[in-house]
2 protein chains.
Amino acid sequence: MGYERREATGDSTSLHLPLYKTEPALRPNGCAQCEIRHLTICSAFESNQVGHIEQLMNRRELSEGQSLFEEEGDAQYAYNLIEGTIRLYKLLPDGRRQITGFALPGDFLGLSSHGHYAYSAEAVSGAVLCRFKGADLQRLFRNFPMIEHRVLSMANDELAAAQDQMLLLGRKTPMEKVSSFLLTLSARLVRNTRNHDELTLPMTRNDIADFLGLTVETVSRTFSKLRSAGIIALPTPDHVRISDRPRLMAVASGGPAI
Amino acid sequence: MGYERREATGDSTSLHLPLYKTEPALRPNGCAQCEIRHLTICSAFESNQVGHIEQLMNRRELSEGQSLFEEEGDAQYAYNLIEGTIRLYKLLPDGRRQITGFALPGDFLGLSSHGHYAYSAEAVSGAVLCRFKGADLQRLFRNFPMIEHRVLSMANDELAAAQDQMLLLGRKTPMEKVSSFLLTLSARLVRNTRNHDELTLPMTRNDIADFLGLTVETVSRTFSKLRSAGIIALPTPDHVRISDRPRLMAVASGGPAI
DNA sequence: CGACAGTTTGATGTGTTTCAATGGCCGTGG
DNA sequence: CCACGGCCATTGAAACACATCAAACTGTCG
(Lines give C-alpha, C1' and ligand atoms only; values in the text may rest on other atoms or scores of the structure.)
Protein backbone atom coordinates (compact mmCIF):
# COMPACT_ATOMS: atom_id res chain seq x y z
CA MET A 1 0.00 0.00 0.00
CA GLY A 2 1.19 3.46 0.60
CA TYR A 3 0.50 6.24 -1.87
CA GLU A 4 -2.90 7.81 -1.41
CA ARG A 5 -5.44 6.10 0.74
CA ARG A 6 -8.77 4.92 -0.42
CA GLU A 7 -11.85 4.35 1.67
CA ALA A 8 -12.58 0.75 2.45
CA THR A 9 -15.54 -0.25 0.33
CA GLY A 10 -16.68 -2.94 2.77
CA ASP A 11 -20.43 -3.46 2.78
CA SER A 12 -21.31 -0.30 4.59
CA THR A 13 -24.93 -1.32 4.30
CA SER A 14 -24.27 -4.13 6.70
CA LEU A 15 -22.87 -1.99 9.46
CA HIS A 16 -25.09 -0.76 12.24
CA LEU A 17 -27.40 -3.75 12.00
CA PRO A 18 -28.30 -5.48 15.25
CA LEU A 19 -25.23 -7.38 16.34
CA TYR A 20 -26.90 -10.77 16.15
CA LYS A 21 -30.11 -12.62 16.51
CA THR A 22 -30.31 -15.39 19.05
CA GLU A 23 -32.14 -18.57 18.24
CA PRO A 24 -31.58 -20.74 21.27
CA ALA A 25 -34.49 -23.00 20.39
CA LEU A 26 -33.21 -23.83 16.92
CA ARG A 27 -30.77 -26.62 17.59
CA PRO A 28 -31.90 -29.48 15.40
CA ASN A 29 -28.96 -31.74 16.23
CA GLY A 30 -27.10 -31.75 19.51
CA CYS A 31 -23.35 -31.47 19.88
CA ALA A 32 -23.04 -35.26 19.84
CA GLN A 33 -24.12 -35.21 16.20
CA CYS A 34 -22.02 -32.17 15.31
CA GLU A 35 -20.16 -33.03 12.13
CA ILE A 36 -17.22 -30.78 12.77
CA ARG A 37 -16.80 -31.44 16.44
CA HIS A 38 -13.40 -33.03 15.85
CA LEU A 39 -12.16 -29.71 14.45
CA THR A 40 -13.31 -27.54 17.33
CA ILE A 41 -12.42 -27.04 20.94
CA CYS A 42 -15.09 -29.67 21.65
CA SER A 43 -12.81 -32.41 20.34
CA ALA A 44 -11.28 -32.42 23.81
CA PHE A 45 -14.47 -34.13 25.01
CA GLU A 46 -15.65 -37.65 24.35
CA SER A 47 -19.05 -37.95 22.67
CA ASN A 48 -20.74 -38.75 25.97
CA GLN A 49 -19.27 -35.69 27.65
CA VAL A 50 -20.33 -32.98 25.25
CA GLY A 51 -23.33 -32.33 27.44
CA HIS A 52 -21.02 -30.27 29.63
CA ILE A 53 -20.47 -27.89 26.81
CA GLU A 54 -23.88 -28.12 25.19
CA GLN A 55 -25.69 -26.52 28.10
CA LEU A 56 -23.38 -23.49 28.06
CA MET A 57 -23.80 -22.80 24.41
CA ASN A 58 -26.21 -20.80 22.28
CA ARG A 59 -26.65 -21.17 18.58
CA ARG A 60 -26.30 -17.99 16.54
CA GLU A 61 -26.93 -17.29 12.87
CA LEU A 62 -25.62 -14.43 10.78
CA SER A 63 -26.72 -13.30 7.36
CA GLU A 64 -24.36 -12.03 4.68
CA GLY A 65 -22.45 -8.95 5.76
CA GLN A 66 -23.77 -8.99 9.29
CA SER A 67 -21.37 -8.03 12.08
CA LEU A 68 -20.56 -10.49 14.86
CA PHE A 69 -18.52 -8.14 17.02
CA GLU A 70 -16.33 -5.10 16.66
CA GLU A 71 -12.76 -4.30 17.59
CA GLU A 72 -12.39 -2.81 21.07
CA GLY A 73 -15.85 -4.00 21.98
CA ASP A 74 -16.48 -5.79 25.27
CA ALA A 75 -15.35 -9.38 24.69
CA GLN A 76 -18.26 -10.97 26.49
CA TYR A 77 -18.58 -13.95 24.19
CA ALA A 78 -16.41 -16.33 22.25
CA TYR A 79 -17.62 -18.35 19.29
CA ASN A 80 -17.17 -21.60 17.49
CA LEU A 81 -17.86 -21.28 13.78
CA ILE A 82 -20.01 -24.15 12.52
CA GLU A 83 -20.89 -23.08 9.01
CA GLY A 84 -19.99 -20.27 6.64
CA THR A 85 -17.06 -17.86 6.46
CA ILE A 86 -16.24 -14.91 8.72
CA ARG A 87 -13.81 -12.14 7.91
CA LEU A 88 -11.68 -10.81 10.75
CA TYR A 89 -10.30 -7.34 10.20
CA LYS A 90 -8.85 -4.17 11.64
CA LEU A 91 -9.43 -0.64 10.39
CA LEU A 92 -7.27 2.48 10.38
CA PRO A 93 -8.91 5.79 11.28
CA ASP A 94 -9.19 6.78 7.61
CA GLY A 95 -10.91 3.57 6.61
CA ARG A 96 -8.04 1.48 5.29
CA ARG A 97 -8.78 -2.10 6.14
CA GLN A 98 -6.59 -5.10 6.82
CA ILE A 99 -8.28 -8.48 6.91
CA THR A 100 -6.23 -10.54 9.35
CA GLY A 101 -7.91 -13.81 8.52
CA PHE A 102 -10.92 -15.70 7.26
CA ALA A 103 -12.51 -18.00 9.81
CA LEU A 104 -13.83 -21.30 8.45
CA PRO A 105 -15.97 -23.98 10.14
CA GLY A 106 -14.22 -25.35 13.22
CA ASP A 107 -12.42 -22.11 13.99
CA PHE A 108 -12.72 -20.53 17.40
CA LEU A 109 -13.02 -16.74 17.60
CA GLY A 110 -13.30 -13.94 20.03
CA LEU A 111 -11.13 -15.11 22.90
CA SER A 112 -9.27 -12.19 24.38
CA SER A 113 -7.04 -11.85 27.38
CA HIS A 114 -7.96 -8.20 27.99
CA GLY A 115 -11.71 -8.30 27.81
CA HIS A 116 -11.74 -6.43 24.51
CA TYR A 117 -11.90 -7.90 21.04
CA ALA A 118 -8.67 -7.44 19.11
CA TYR A 119 -10.45 -7.25 15.75
CA SER A 120 -13.87 -6.96 14.14
CA ALA A 121 -15.69 -9.93 12.71
CA GLU A 122 -18.46 -10.08 10.14
CA ALA A 123 -20.08 -12.74 8.01
CA VAL A 124 -18.78 -13.07 4.45
CA SER A 125 -21.81 -15.17 3.66
CA GLY A 126 -24.46 -16.72 5.86
CA ALA A 127 -22.93 -18.29 8.97
CA VAL A 128 -23.84 -20.45 11.95
CA LEU A 129 -21.96 -20.29 15.24
CA CYS A 130 -21.98 -21.60 18.78
CA ARG A 131 -21.72 -18.84 21.32
CA PHE A 132 -20.11 -19.16 24.75
CA LYS A 133 -20.07 -16.68 27.56
CA GLY A 134 -16.50 -15.79 28.52
CA ALA A 135 -17.09 -16.47 32.20
CA ASP A 136 -18.55 -19.90 31.40
CA LEU A 137 -15.50 -20.70 29.33
CA GLN A 138 -13.17 -19.76 32.16
CA ARG A 139 -15.08 -22.09 34.46
CA LEU A 140 -14.96 -24.80 31.82
CA PHE A 141 -11.20 -24.32 31.58
CA ARG A 142 -10.86 -24.78 35.33
CA ASN A 143 -13.01 -27.90 35.42
CA PHE A 144 -11.68 -29.48 32.23
CA PRO A 145 -8.04 -28.56 31.61
CA MET A 146 -8.20 -30.58 28.40
CA ILE A 147 -10.33 -27.84 26.90
CA GLU A 148 -7.85 -25.15 27.76
CA HIS A 149 -5.11 -27.37 26.42
CA ARG A 150 -6.99 -27.69 23.16
CA VAL A 151 -7.55 -23.93 22.98
CA LEU A 152 -3.86 -23.29 23.54
CA SER A 153 -3.02 -25.66 20.75
CA MET A 154 -5.43 -23.86 18.42
CA ALA A 155 -3.99 -20.50 19.47
CA ASN A 156 -0.53 -21.77 18.60
CA ASP A 157 -1.74 -22.81 15.16
CA GLU A 158 -3.28 -19.40 14.65
CA LEU A 159 -0.03 -17.80 15.68
CA ALA A 160 1.89 -19.85 13.13
CA ALA A 161 -0.62 -18.83 10.45
CA ALA A 162 -0.22 -15.19 11.48
CA GLN A 163 3.53 -15.46 11.08
CA ASP A 164 3.14 -16.95 7.62
CA GLN A 165 0.86 -14.06 6.77
CA MET A 166 3.44 -11.54 8.02
CA LEU A 167 6.01 -13.09 5.70
CA LEU A 168 3.50 -12.84 2.87
CA LEU A 169 2.55 -9.24 3.60
CA GLY A 170 6.05 -7.97 4.18
CA ARG A 171 8.13 -9.80 1.64
CA LYS A 172 6.14 -11.48 -1.12
CA THR A 173 5.30 -10.07 -4.56
CA PRO A 174 1.65 -9.76 -5.62
CA MET A 175 2.05 -12.87 -7.78
CA GLU A 176 3.42 -14.83 -4.83
CA LYS A 177 0.73 -13.45 -2.55
CA VAL A 178 -2.16 -14.49 -4.74
CA SER A 179 -0.66 -17.91 -5.47
CA SER A 180 0.02 -18.57 -1.80
CA PHE A 181 -3.48 -17.45 -0.98
CA LEU A 182 -5.05 -19.91 -3.42
CA LEU A 183 -2.91 -22.78 -2.16
CA THR A 184 -3.58 -22.06 1.50
CA LEU A 185 -7.30 -21.67 0.92
CA SER A 186 -7.40 -24.86 -1.11
CA ALA A 187 -5.72 -26.72 1.76
CA ARG A 188 -8.16 -25.33 4.30
CA LEU A 189 -11.20 -26.12 2.17
CA VAL A 190 -10.16 -29.73 1.62
CA ARG A 191 -12.98 -30.97 3.81
CA ASN A 192 -15.61 -29.25 1.72
CA THR A 193 -14.74 -30.38 -1.75
CA ARG A 194 -14.20 -33.77 -3.31
CA ASN A 195 -11.61 -32.23 -5.64
CA HIS A 196 -8.85 -30.25 -3.96
CA ASP A 197 -8.25 -28.30 -7.14
CA GLU A 198 -11.77 -26.87 -7.41
CA LEU A 199 -12.50 -24.04 -5.05
CA THR A 200 -15.36 -21.67 -4.59
CA LEU A 201 -14.20 -18.35 -3.19
CA PRO A 202 -16.66 -17.11 -0.61
CA MET A 203 -15.10 -13.64 -0.54
CA THR A 204 -14.88 -10.79 -3.05
CA ARG A 205 -11.76 -9.52 -4.81
CA ASN A 206 -11.89 -6.57 -2.47
CA ASP A 207 -11.71 -8.88 0.55
CA ILE A 208 -8.79 -10.73 -1.01
CA ALA A 209 -7.01 -7.44 -1.67
CA ASP A 210 -7.50 -6.31 1.92
CA PHE A 211 -6.22 -9.67 3.11
CA LEU A 212 -3.10 -9.62 0.91
CA GLY A 213 -2.22 -5.96 1.30
CA LEU A 214 -2.99 -5.11 -2.33
CA THR A 215 -5.59 -3.20 -4.33
CA VAL A 216 -8.55 -4.85 -6.05
CA GLU A 217 -7.06 -4.04 -9.43
CA THR A 218 -3.78 -5.74 -8.68
CA VAL A 219 -5.57 -8.84 -7.41
CA SER A 220 -7.73 -8.94 -10.51
CA ARG A 221 -4.77 -8.48 -12.83
CA THR A 222 -2.88 -11.24 -11.04
CA PHE A 223 -5.78 -13.66 -11.38
CA SER A 224 -5.87 -12.80 -15.08
CA LYS A 225 -2.16 -13.47 -15.49
CA LEU A 226 -2.48 -16.83 -13.75
CA ARG A 227 -5.39 -17.67 -16.04
CA SER A 228 -3.63 -16.71 -19.26
CA ALA A 229 -0.57 -18.67 -18.13
CA GLY A 230 -2.79 -21.74 -17.91
CA ILE A 231 -2.14 -22.22 -14.21
CA ILE A 232 -5.72 -21.67 -13.09
CA ALA A 233 -9.12 -21.55 -14.78
CA LEU A 234 -11.88 -19.10 -13.82
CA PRO A 235 -15.25 -20.48 -14.99
CA THR A 236 -16.80 -17.66 -12.99
CA PRO A 237 -15.03 -15.00 -10.93
CA ASP A 238 -15.60 -16.89 -7.71
CA HIS A 239 -14.90 -20.36 -9.02
CA VAL A 240 -11.23 -21.25 -9.35
CA ARG A 241 -9.85 -24.44 -10.79
CA ILE A 242 -6.17 -25.05 -10.14
CA SER A 243 -5.12 -26.66 -13.41
CA ASP A 244 -1.36 -26.73 -12.80
CA ARG A 245 -0.70 -27.08 -9.11
CA PRO A 246 3.05 -27.69 -9.41
CA ARG A 247 3.51 -24.43 -11.27
CA LEU A 248 1.23 -22.61 -8.85
CA MET A 249 3.40 -23.88 -6.02
CA ALA A 250 6.54 -22.81 -7.86
CA VAL A 251 5.16 -19.33 -8.42
CA ALA A 252 3.99 -19.09 -4.79
CA SER A 253 7.50 -19.68 -3.49
CA GLY A 254 9.28 -17.16 -5.64
CA GLY A 255 9.76 -19.15 -8.82
CA PRO A 256 10.13 -17.43 -12.21
CA ALA A 257 7.55 -14.69 -12.63
CA ILE A 258 4.73 -15.01 -15.12
CA MET B 1 8.33 -5.48 -1.39
CA GLY B 2 8.13 -6.57 -4.97
CA TYR B 3 10.50 -5.48 -7.70
CA GLU B 4 13.76 -7.39 -7.74
CA ARG B 5 14.77 -9.36 -4.72
CA ARG B 6 17.83 -8.77 -2.68
CA GLU B 7 19.64 -11.26 -0.52
CA ALA B 8 19.02 -10.92 3.18
CA THR B 9 22.17 -9.56 4.70
CA GLY B 10 21.53 -11.17 8.07
CA ASP B 11 24.66 -12.14 9.94
CA SER B 12 25.52 -15.16 7.86
CA THR B 13 28.58 -15.60 10.01
CA SER B 14 26.35 -16.61 12.87
CA LEU B 15 24.64 -19.45 11.01
CA HIS B 16 25.95 -22.97 11.37
CA LEU B 17 27.45 -22.27 14.74
CA PRO B 18 26.65 -24.73 17.50
CA LEU B 19 23.03 -24.10 18.42
CA TYR B 20 23.79 -23.10 21.98
CA LYS B 21 26.15 -23.56 24.85
CA THR B 22 24.74 -24.87 28.07
CA GLU B 23 25.93 -23.54 31.37
CA PRO B 24 23.76 -25.31 33.92
CA ALA B 25 26.12 -24.48 36.75
CA LEU B 26 25.98 -20.72 36.23
CA ARG B 27 22.89 -19.71 38.08
CA PRO B 28 23.97 -17.04 40.52
CA ASN B 29 20.47 -16.19 41.68
CA GLY B 30 17.60 -18.62 41.89
CA CYS B 31 14.16 -18.08 40.40
CA ALA B 32 12.94 -16.61 43.68
CA GLN B 33 15.24 -13.64 43.12
CA CYS B 34 14.44 -13.38 39.40
CA GLU B 35 13.69 -9.75 38.71
CA ILE B 36 11.40 -10.35 35.80
CA ARG B 37 9.52 -13.31 37.16
CA HIS B 38 6.28 -11.33 37.22
CA LEU B 39 6.55 -10.92 33.45
CA THR B 40 7.08 -14.57 32.62
CA ILE B 41 5.09 -17.76 32.75
CA CYS B 42 6.56 -18.14 36.24
CA SER B 43 4.28 -15.42 37.56
CA ALA B 44 1.65 -18.12 37.90
CA PHE B 45 3.63 -19.41 40.88
CA GLU B 46 4.05 -17.89 44.28
CA SER B 47 7.61 -17.17 45.39
CA ASN B 48 7.73 -20.27 47.52
CA GLN B 49 6.59 -22.50 44.67
CA VAL B 50 9.09 -21.58 42.01
CA GLY B 51 11.18 -24.55 43.05
CA HIS B 52 8.83 -26.66 40.92
CA ILE B 53 9.99 -24.81 37.86
CA GLU B 54 13.54 -24.18 38.90
CA GLN B 55 14.53 -27.81 38.83
CA LEU B 56 13.28 -28.25 35.27
CA MET B 57 15.14 -25.33 33.90
CA ASN B 58 18.59 -24.74 32.44
CA ARG B 59 20.22 -21.41 32.00
CA ARG B 60 21.46 -20.59 28.51
CA GLU B 61 23.52 -17.71 27.20
CA LEU B 62 23.85 -16.50 23.63
CA SER B 63 26.38 -14.14 22.16
CA GLU B 64 25.55 -11.55 19.51
CA GLY B 65 24.26 -13.10 16.33
CA GLN B 66 24.16 -16.61 17.70
CA SER B 67 21.26 -18.81 16.66
CA LEU B 68 18.88 -20.23 19.27
CA PHE B 69 16.88 -22.48 16.96
CA GLU B 70 15.85 -22.66 13.33
CA GLU B 71 12.51 -22.83 11.56
CA GLU B 72 11.32 -26.38 10.93
CA GLY B 73 13.77 -27.71 13.49
CA ASP B 74 12.70 -30.19 16.16
CA ALA B 75 10.94 -28.10 18.81
CA GLN B 76 12.49 -29.91 21.75
CA TYR B 77 12.85 -26.89 23.96
CA ALA B 78 10.97 -23.74 24.85
CA TYR B 79 12.61 -20.68 26.38
CA ASN B 80 12.01 -17.80 28.70
CA LEU B 81 14.04 -14.78 27.72
CA ILE B 82 15.69 -13.20 30.79
CA GLU B 83 18.02 -10.65 29.28
CA GLY B 84 18.78 -9.27 25.81
CA THR B 85 16.86 -9.20 22.56
CA ILE B 86 16.09 -12.04 20.17
CA ARG B 87 14.91 -11.66 16.60
CA LEU B 88 12.33 -14.13 15.33
CA TYR B 89 12.20 -14.48 11.58
CA LYS B 90 11.22 -16.50 8.55
CA LEU B 91 13.10 -16.77 5.27
CA LEU B 92 11.97 -17.27 1.68
CA PRO B 93 13.98 -19.66 -0.49
CA ASP B 94 15.81 -16.79 -2.18
CA GLY B 95 16.87 -15.21 1.10
CA ARG B 96 14.24 -12.54 1.60
CA ARG B 97 13.67 -12.26 5.32
CA GLN B 98 10.67 -11.24 7.40
CA ILE B 99 11.29 -10.59 11.07
CA THR B 100 8.03 -11.53 12.77
CA GLY B 101 8.97 -10.08 16.12
CA PHE B 102 11.62 -9.09 18.60
CA ALA B 103 11.54 -10.98 21.88
CA LEU B 104 12.37 -8.96 24.99
CA PRO B 105 12.96 -10.07 28.57
CA GLY B 106 9.94 -11.90 29.95
CA ASP B 107 8.87 -13.27 26.56
CA PHE B 108 8.32 -16.95 26.10
CA LEU B 109 9.51 -18.54 22.84
CA GLY B 110 9.61 -21.79 21.03
CA LEU B 111 6.33 -23.39 22.01
CA SER B 112 4.90 -25.26 19.07
CA SER B 113 1.90 -27.49 18.70
CA HIS B 114 3.44 -29.55 15.91
CA GLY B 115 6.85 -30.35 17.30
CA HIS B 116 8.56 -28.03 14.82
CA TYR B 117 9.57 -24.44 15.35
CA ALA B 118 7.50 -22.02 13.28
CA TYR B 119 10.35 -19.53 12.92
CA SER B 120 14.06 -19.09 13.49
CA ALA B 121 15.44 -17.23 16.48
CA GLU B 122 18.80 -15.60 16.98
CA ALA B 123 20.32 -13.17 19.42
CA VAL B 124 20.37 -9.52 18.38
CA SER B 125 22.82 -8.85 21.16
CA GLY B 126 23.99 -11.00 24.05
CA ALA B 127 21.09 -12.83 25.69
CA VAL B 128 20.28 -14.97 28.70
CA LEU B 129 17.45 -17.49 28.68
CA CYS B 130 15.85 -20.22 30.75
CA ARG B 131 15.42 -23.41 28.79
CA PHE B 132 12.65 -25.95 29.37
CA LYS B 133 12.26 -29.36 27.81
CA GLY B 134 8.95 -29.59 25.97
CA ALA B 135 7.97 -32.81 27.73
CA ASP B 136 8.67 -31.25 31.13
CA LEU B 137 6.48 -28.31 30.23
CA GLN B 138 3.61 -30.58 29.26
CA ARG B 139 3.91 -32.32 32.62
CA LEU B 140 4.03 -28.95 34.35
CA PHE B 141 0.86 -27.92 32.51
CA ARG B 142 -0.90 -31.04 33.75
CA ASN B 143 0.18 -30.57 37.33
CA PHE B 144 -0.26 -26.81 37.46
CA PRO B 145 -3.06 -25.64 35.16
CA MET B 146 -2.29 -22.08 36.23
CA ILE B 147 0.87 -22.25 34.19
CA GLU B 148 -0.97 -23.34 31.09
CA HIS B 149 -3.50 -20.62 31.74
CA ARG B 150 -0.71 -18.09 31.90
CA VAL B 151 0.82 -19.40 28.68
CA LEU B 152 -2.53 -19.17 26.90
CA SER B 153 -2.89 -15.61 28.04
CA MET B 154 0.58 -14.78 26.72
CA ALA B 155 -0.22 -16.53 23.44
CA ASN B 156 -3.33 -14.40 23.10
CA ASP B 157 -1.29 -11.26 23.63
CA GLU B 158 1.17 -12.41 20.98
CA LEU B 159 -1.71 -13.05 18.62
CA ALA B 160 -3.03 -9.54 19.15
CA ALA B 161 0.44 -8.14 18.48
CA ALA B 162 0.67 -10.25 15.31
CA GLN B 163 -2.63 -8.80 14.10
CA ASP B 164 -1.41 -5.27 14.74
CA GLN B 165 1.68 -6.13 12.75
CA MET B 166 -0.42 -7.45 9.86
CA LEU B 167 -2.28 -4.16 9.76
CA LEU B 168 1.05 -2.36 9.76
CA LEU B 169 2.59 -4.51 7.02
CA GLY B 170 -0.44 -4.57 4.76
CA ARG B 171 -1.84 -1.09 5.05
CA LYS B 172 0.49 1.46 6.60
CA THR B 173 2.84 3.84 4.80
CA PRO B 174 6.58 3.73 5.60
CA MET B 175 6.17 6.85 7.72
CA GLU B 176 3.38 5.24 9.70
CA LYS B 177 5.31 2.00 9.99
CA VAL B 178 8.43 3.58 11.44
CA SER B 179 6.46 5.82 13.81
CA SER B 180 4.35 2.91 15.05
CA PHE B 181 7.49 0.88 15.50
CA LEU B 182 9.11 3.51 17.68
CA LEU B 183 6.01 3.93 19.80
CA THR B 184 5.48 0.23 20.28
CA LEU B 185 9.12 -0.36 21.14
CA SER B 186 9.09 2.55 23.55
CA ALA B 187 6.08 1.04 25.31
CA ARG B 188 7.73 -2.37 25.56
CA LEU B 189 11.00 -0.96 26.85
CA VAL B 190 9.34 1.08 29.59
CA ARG B 191 10.77 -1.19 32.28
CA ASN B 192 14.34 -0.60 31.13
CA THR B 193 14.52 3.14 31.00
CA ARG B 194 13.74 5.85 33.49
CA ASN B 195 12.63 8.09 30.63
CA HIS B 196 10.03 6.63 28.28
CA ASP B 197 11.15 8.93 25.51
CA GLU B 198 14.77 7.78 25.43
CA LEU B 199 15.31 4.48 23.73
CA THR B 200 18.32 2.48 22.72
CA LEU B 201 17.64 0.38 19.65
CA PRO B 202 19.22 -3.01 20.05
CA MET B 203 18.72 -3.89 16.37
CA THR B 204 20.18 -2.55 13.11
CA ARG B 205 18.35 -0.59 10.42
CA ASN B 206 18.40 -3.75 8.37
CA ASP B 207 16.54 -5.62 11.11
CA ILE B 208 14.01 -2.82 11.36
CA ALA B 209 13.53 -2.90 7.60
CA ASP B 210 12.95 -6.64 7.61
CA PHE B 211 10.49 -6.20 10.47
CA LEU B 212 8.52 -3.44 8.76
CA GLY B 213 8.54 -4.83 5.22
CA LEU B 214 10.76 -2.04 3.87
CA THR B 215 14.33 -1.58 2.63
CA VAL B 216 17.17 -0.24 4.78
CA GLU B 217 17.29 2.92 2.70
CA THR B 218 13.62 3.69 3.22
CA VAL B 219 13.94 3.13 6.97
CA SER B 220 16.96 5.40 7.14
CA ARG B 221 15.30 8.12 5.07
CA THR B 222 12.23 7.95 7.28
CA PHE B 223 14.31 8.33 10.44
CA SER B 224 15.93 11.34 8.82
CA LYS B 225 12.59 12.91 7.97
CA LEU B 226 11.36 12.43 11.53
CA ARG B 227 14.57 14.01 12.78
CA SER B 228 14.43 17.05 10.52
CA ALA B 229 10.77 17.50 11.44
CA GLY B 230 11.87 17.78 15.06
CA ILE B 231 9.82 14.78 16.15
CA ILE B 232 12.77 12.66 17.20
CA ALA B 233 16.44 13.23 17.92
CA LEU B 234 19.20 10.81 16.95
CA PRO B 235 22.27 11.47 19.14
CA THR B 236 23.68 8.28 17.62
CA PRO B 237 22.07 5.96 15.07
CA ASP B 238 20.90 3.57 17.77
CA HIS B 239 19.87 6.14 20.33
CA VAL B 240 16.46 7.70 19.72
CA ARG B 241 14.90 10.47 21.74
CA ILE B 242 11.22 11.05 21.13
CA SER B 243 11.04 14.80 21.40
CA ASP B 244 7.44 15.29 20.24
CA ARG B 245 5.41 12.25 21.22
CA PRO B 246 2.01 13.71 20.34
CA ARG B 247 3.12 14.38 16.78
CA LEU B 248 4.76 10.99 16.56
CA MET B 249 1.46 9.44 17.59
CA ALA B 250 -0.40 11.54 15.05
CA VAL B 251 1.94 10.48 12.27
CA ALA B 252 1.74 6.83 13.35
CA SER B 253 -2.01 6.78 12.94
CA GLY B 254 -2.18 8.29 9.50
CA GLY B 255 -1.95 11.96 10.35
CA PRO B 256 -0.63 14.52 7.84
CA ALA B 257 2.56 13.28 6.20
CA ILE B 258 5.91 14.91 6.93
C1' DC C 1 46.10 3.97 9.67
C1' DG C 2 43.30 0.82 6.89
C1' DA C 3 39.47 -2.35 6.69
C1' DC C 4 34.97 -3.12 7.49
C1' DA C 5 30.19 -2.87 8.68
C1' DG C 6 26.47 0.00 9.29
C1' DT C 7 24.16 4.33 8.14
C1' DT C 8 22.95 8.03 5.32
C1' DT C 9 22.07 10.53 1.11
C1' DG C 10 21.50 11.11 -3.96
C1' DA C 11 19.91 9.72 -8.66
C1' DT C 12 17.30 6.68 -11.29
C1' DG C 13 13.94 3.08 -12.48
C1' DT C 14 9.72 0.55 -12.17
C1' DG C 15 5.96 -2.10 -10.25
C1' DT C 16 2.00 -1.10 -8.03
C1' DT C 17 -1.29 2.31 -7.17
C1' DT C 18 -4.39 5.55 -8.87
C1' DC C 19 -7.68 7.19 -12.04
C1' DA C 20 -10.88 6.05 -15.53
C1' DA C 21 -13.84 3.33 -18.33
C1' DT C 22 -16.02 -0.95 -19.89
C1' DG C 23 -18.33 -5.30 -19.34
C1' DG C 24 -21.02 -8.91 -16.93
C1' DC C 25 -24.43 -10.38 -13.69
C1' DC C 26 -28.55 -9.91 -11.06
C1' DG C 27 -32.51 -8.11 -8.88
C1' DT C 28 -36.11 -4.73 -9.52
C1' DG C 29 -39.73 -2.50 -11.73
C1' DG C 30 -42.01 -0.49 -15.58
C1' DC D 1 -40.19 -9.36 -21.20
C1' DC D 2 -36.91 -6.01 -21.35
C1' DA D 3 -34.91 -1.70 -19.39
C1' DC D 4 -32.62 0.11 -15.74
C1' DG D 5 -29.43 0.56 -11.84
C1' DG D 6 -26.12 -1.22 -8.74
C1' DC D 7 -22.32 -4.00 -7.63
C1' DC D 8 -18.44 -6.47 -8.81
C1' DA D 9 -14.75 -7.73 -11.85
C1' DT D 10 -11.80 -6.57 -15.45
C1' DT D 11 -8.82 -3.84 -18.38
C1' DG D 12 -6.20 0.35 -19.93
C1' DA D 13 -3.37 4.57 -19.23
C1' DA D 14 -0.77 7.44 -16.33
C1' DA D 15 1.48 8.90 -11.98
C1' DC D 16 4.32 8.23 -8.32
C1' DA D 17 6.20 6.14 -4.02
C1' DC D 18 9.34 2.98 -2.87
C1' DA D 19 12.98 -0.02 -4.56
C1' DT D 20 17.24 -0.21 -6.70
C1' DC D 21 21.78 1.27 -7.76
C1' DA D 22 25.59 3.95 -6.34
C1' DA D 23 28.53 6.54 -3.40
C1' DA D 24 29.90 9.07 0.64
C1' DC D 25 30.14 9.13 5.51
C1' DT D 26 30.66 7.39 10.30
C1' DG D 27 32.42 4.82 14.01
C1' DT D 28 34.91 0.75 15.52
C1' DC D 29 38.44 -2.57 15.73
C1' DG D 30 42.63 -4.75 14.53
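Here the structure is a predicted model, which is why all the values come from computation and not from measurement. Lettering follows sequence order; numbering is per chain, from 1.
Residue B:M249 places its CE atom among 12 or fewer non-hydrogen atoms of other residues, nucleotides or ligands, all under 6.0 Å distant.
Stacking of A:R205 on the aromatic ring of A:F223 is recorded, both the 6.0 Å distance cut-off and the 45° axial limit being met.
For the pair B:H239 NE2 and C:dT7 P, the interatomic distance rounds to 16 Å; values are reported in whole Å. D:dA17 atom P lies 14 Å from atom CZ of B:R221, rounded to whole Å. The separation between B:K225 atom NZ and C:dG10 atom P is 12 Å, rounded to whole Å. The distance from atom CG of A:L234 to atom C1' of D:dC8 is 14 Å, rounded to the nearest whole Å. Between the P atom of D:dA17 and the CG atom of A:L214 lies a distance of 18 Å, rounded to the nearest Å. Rounded to whole angstrom, the span from the CZ atom of A:F223 across to the P atom of D:dA9 amounts to 10 Å. D:dA9 atom P lies 8 Å from atom CD1 of A:I208, rounded to whole Å. Counting to the nearest Å, the P atom of D:dC18 and the NZ atom of B:K172 are 15 Å from each other.
Checked against D:dT10, D:dA19, C:dT8, the side chain of A:R205 finds its nearest nucleotide in D:dT10. Taking the side chain of B:S224 as heavy atoms from C-beta on, and the options C:dT7, D:dA9, C:dT9, the nearest nucleotide is C:dT9. For B:E217, taking side-chain heavy atoms from C-beta onward, the closest of the listed nucleotides C:dT9, D:dT10, C:dT17 is C:dT9.
Toward the 5' end of DNA chain D, the nearer of the two residues A:P237 and B:M175, judged by each one's closest nucleotide, is A:P237.
Across all strands shown, B:S220 has heavy atoms under 4.0 Å from base atoms, whether or not it also approaches the sugar-phosphate.
Note on A:R227: a side-chain N or O is less than 4.0 Å away from OP1 or OP2 of D:dT11. A sub-4.0 Å separation between OP1 or OP2 of D:dA19 and a side-chain N or O of B:T218 is present.
Side-chain contact between B:I86 and B:D107 is absent, with no heavy atoms from C-beta onward closer than 4.5 Å.
Side-chain N/O atoms of B:H239 and B:E198 include a donor and acceptor closer than 3.5 Å.
A:Y119 and A:F69 have tilted rings, their planes meeting at an angle from 30° to 60° on a 0 to 90° scale.
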